[in-house]
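To start, the structure itself, in structure tokens.
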Amino acid sequence: MEFEPVIGLEVHVQMSTNTKCFCSCKVEFGAEPNTNVCPVCLGMPGSLPVLNKKALEYAIKASLALNCKVNELSVFARKNYFYPDLPKGYQISQYDKPLATDGYIDIKIDGKTERIRIHRLHMEEDAGKTIHKGKYSYVDLNRAGTPLMEIVSEPDIRSGLGARLYLEKLRNIMRYIGVSNADMEKGQLRCDVNISLRPKGSDKLGTKVEIKNINSFRFVQKAIEYEIERQKRILKKGEKIIQETRLFDEKTGKTFSMRSKEEAHDYRYFPDPDLIPVRITKEYIQEIKNSLPELPDEKAERYIKEYKLTEYDADVLVADKERAKYFEEAISIYSKSPKSIANWIINELLGKLNEKNIAISDSPVKPSHIAELVELIDSGDISTKIAKEVFEEVFKTSKSPKEIVEEKGLKQVSDEGEIRKIIEEILDKHPKEVEKYKAGNKKIMGFFVGQVMKATKGKANPKVVNKILNEILG
Amino acid sequence: MELWKKSLKEISELINSKEIKPSEVVEAFIRRTEEVEPKINSYITFLGEKALEDARKKDEELVKKENRGKLFGIPIAIKDNIITKDIKTTCASKILENFIPPYNATVIERLEKEDFILTGKTNLDEFAMGSSTENSAFFTTKNPWDLERVPGGSSGGSAASVSAGLVPVALGSDTGGSIRQPASFCGVVGFKPTYGRVSRYGLVAFASSLDQIGTFSRSVEDTAILMNVISGKDEKDSTSSDREVPDFTNFIGKDIKGIKIGIPKEFFPETLDKEIKEIILNSAKQLEKEGAELVEISLPTSKYSIEAYYIIAPSEASSNLARYDGVRYGYRAEDYKDLEEMYSKTRDRGFGAEVKRRIMLGTYALSSGYYDAYYLKAQKVRALIYLEFMEAFKKVDLILTPTTPDVAFKIGEKTDNPIEMYLSDIFTVSVNMAGLPAISIPAGFKNSLPVGLQLIGKPFDEGTVLQVADRFEKINNYNLKFPNL
Ligand SMILES: [Zn+2]
């Protein structure tokens, strides 16, 4: 029997507001423990939460960017449980009336677009951190009250790769709209996976397993791939999947059962009486919609239409906000050859940056450099071959291509008289080859071109060289 | 007349005309406190020395300072579930016995801005859960009119302190009657404003959707003066209202001609004590003589208010009190082997029986499988109660009822029977469920014990409540009577 994996993701995204969700304490990564705290986020008696308007705005932005329906009425609810890093003994979250529902993200697998639906997006506050050291446990509440969005997908994902692409796209969108850096290493994006298998063609769901605390996109993919195989093995033996929470071991690449005595929690959700229901007007939603920047999918579509880029190139460029920004900056400087600029970025720059582990925003080759380089090629001032040399030099020195061409005398020779003189000299030196050519060995043309290039250190304009050679040799 | 018998307004006038100094005022009240406090035990924390120090500073300011606050030099007692910076705030609970908060409640900030003098923190039922102060973890406050009886609760300490003349006014909190019932038992004016009128920031939450800070005084006018200070939108409390706050003193000394007063028949059942009924209905007749119009109305759903209240309030309490876990502040058990045990021992020893009873009730009501049948159903009842009141307010401006079914009961009389204790709030609870403003004012005596009259107003129409209450007070002058201590 063939099995089909059914995967849903629960993602927590930390919003990049300056202050916390329900008080005015700073949100800061790596501050001294318990320095960004106040009576509200410490859960002191009598303190009350007040919703951070920026957090609400960010969450609405994210909802719209994820094609969700923003509910005009949503309600904060208390999720009750005891834990030392949960100061109030409950987390302020949303339950039966979330901020937004029914969205989607389109991902591309093997050139095919797949739509992953989003079930809901809601706002909640983060808990603090408990640090266990020897005999003691320590609580740091700097993070307590940081605004989060919980984004729950429908079980539409079918593979580890799909999950990874979904997460990458999600992160990309969050960065485009500037509501989160969504950096998994910094805990700004956290992902829990729900996964089950079912016979292919069936529409019934199998017993699901939850995988928690995975800390990179790569590991999400790996954990899912491992889990699919594990569940397959069990089902093929005719055994049953146990509903449980599992963790992923990065070293072995395997998932393992959490085996904690954590029972099924009853969180006793109820509307938080300290916060009034959130009412959002249609006008406000529209206002935020209008303020949204161009999103990756729209951008890619425009690149294809406007700049005649291939779908692949467009996708590569928009897959990172900074990359797209780089591209657009370059074409704003030199607008005649967007396709060549795209090629230079994708084929030369990205590889090189990757190799040296440099972010595109820190690239030694600036967008203006790429623009200049392509302009130099287009105007016939340098050949593509020379351009590659120049590019290497720009990468090393951050000098402008023009400067380098000037300094090194790399400017292409396009002057017909000059080239004709050189060609004539070469033909004189190689009478035998001229004979062969005339006898019909047209392949020998390459030899002459090579000789001219050698003589000019590659600076002769190949078009002009070909033209004159053809003229002389007939 | 002795200084301690004077009203806030009178004292204020004496200070501002520089006939007396704030320190003289405070000294007078300290003397009175030293004399009678041992008999009634109204304070958990008495701050006599600090108050005197504060008053002496104000003596100097009286000479130098031009813009003095509206409460300049006025001694005020605060219920010990309202947060006071650097001053122990215990909620009459062992779990907060030594809790010294590093911040102030908004009402305290507002009182400070008007130059009040804090005399101390008054006793209450633990976390404001109770109707007699017998649930205080520390001691029971005595009713100044009869030391064998309870002062009512939960704000029993504040009510007793005003009644006994330890302070002219005090703050309390009212979740189901916790200001009005003790005001009634102690023969003082107790006022619960509309939900949202006064910031709850710094009021230690019992049931957030019902809790409201209010006042105790010996005259309606003093209530108006105090309300002017503590009312109004607070950015720190999302549930506080941005409705404009009128000058409440403008409602003092007005006639009440043409005001329609509803008499809800459900609040005068067959079982109601005859004398109480007579006193309250006679009060209504007095108002009628003054030009008010009496209208019989019906509030049938209000009979379910106690039941619904004892689902909603404990549900919220079970969540509000989860923060007392021994991790960050307050009491923590010393002997435990793991986290679970630290939690359970801390909470078992830190909370009293009534608090634990309500936490369990609320936890149960919110549990999955029961939520719809209890919490959600109770919320529906609550919505109906509100709608019924709104319907009634189409016909009348004000609703008149007894504050309590009977006068103050004896200490220990109801401690074994929580349901009976709960029923002493039967006439006050529905007001919290609907979020309305209401006052209890002295309306006479039964067996030498005070009887309270309750007037309930439309949302944010505190003015009319005060207007009619003031008129009633001025006909009878019960407020000039003091208990014999
Ligand atoms: Zn804070």
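Bear in mind the structure is a predicted one, so any value in this text is a computation, not a measurement. Just so we're on the same page: letters track the sequence lines, and every chain starts at 1.
In this structure, no portion of Thr106(B) lies under 4.5 Å from any heavy atom of chain A. With a threshold of 4.5 angstrom between heavy atoms, Leu203(B) approaches chain A through N, CA, C or O but not through any side-chain atom. For a residue to count as touching a neighbouring chain, one of its non-hydrogen atoms must lie under 4.5 Å from one of that chain's; by this rule Tyr81(A) does not touch chain B. In this structure, chain A has a heavy atom under 4.5 Å from the backbone of Glu235(B), while its side chain stays farther away. Contacts between Val204(B) and chain A at a heavy-atom distance below 4.5 Å involve backbone atoms as well as side-chain atoms. There is no contact between Ile82(B) and chain A, counting heavy-atom distances below 4.5 Å. Interface residue Tyr195(B): only side-chain heavy atoms are found under 4.5 Å from chain A. At a 4.5 Å heavy-atom cutoff, Asn81(B) makes no contact with chain A through either its backbone or its side chain. Within the 4.5 angstrom heavy-atom criterion, only side-chain atoms of Tyr343(B), from C-beta onward, approach chain A. Contact of Tyr90(A) with chain B is made through the side chain alone, with heavy-atom distances under 4.5 Å. Looking at Tyr370(B), neither its backbone nor its side chain comes within 4.5 Å of chain A, counting heavy atoms on both sides.
Considering only heavy-atom pairs separated by less than 4.5 Å from chain B, the leading option among Val40(A), Leu42(A), Leu275(A), Val139(A) is Leu42(A). Of all the listed residues (Pro49(A), Pro273(A), Ser137(A)), the one sharing the greatest number of non-hydrogen pairs under 4.5 Å with chain B is Pro273(A). Chain B forms more heavy-atom pairs under 4.5 Å with one residue of Pro45(A), Gly43(A), Pro84(A) than with any other, namely Pro45(A). Interface summary for chain A: among Ala365(B), Ser318(B), Ser238(B), the most heavy-atom pairs under 4.5 angstrom belong to Ser238(B).
The backbone N or O of Leu436(B) lies less than 3.5 Å from a partner atom in the side chain of Lys192(B), making a donor-acceptor pair. Between the side chain of Thr215(B) and the main chain of Leu171(B), no donor-acceptor pair closer than 3.5 Å is present. Judged by distance alone, with hydrogens and angles left aside, the side-chain atoms of Asp211(B) form a donor-acceptor pair with the main-chain N or O of Phe206(B) at under 3.5 Å.
With salt bridges taken as basic N to acidic carboxylate O contacts below 4.0 Å, one links Arg200(B) and Asp274(A). Classification of Lys356(B) and Asp348(B) as a salt-bridged pair holds, one side-chain N sitting under 4.0 Å from a carboxylate O. Between Lys121(B) and Asp80(B), at least one side-chain N (NZ, or NE/NH1/NH2) sits under 4.0 Å from a carboxylate O, which counts as a salt bridge. Taking the charged nitrogens against the carboxylate oxygens, Asp272(A) and Arg78(A) do have a contact shorter than 4.0 Å, which makes a salt bridge. Using a cut-off of 4.0 Å between Lys/Arg side-chain N and Asp/Glu carboxylate O, Glu354(B) and Arg357(B) are scored as salt-bridged.
Side chain to side chain, Thr19(A) and Lys54(A) fail the donor-acceptor criterion of an N or O pair below 3.5 Å.
Surrounding OH of Tyr371(B) are more than 12 heavy atoms belonging to other residues, nucleotides or ligands, all under 6.0 Å away.
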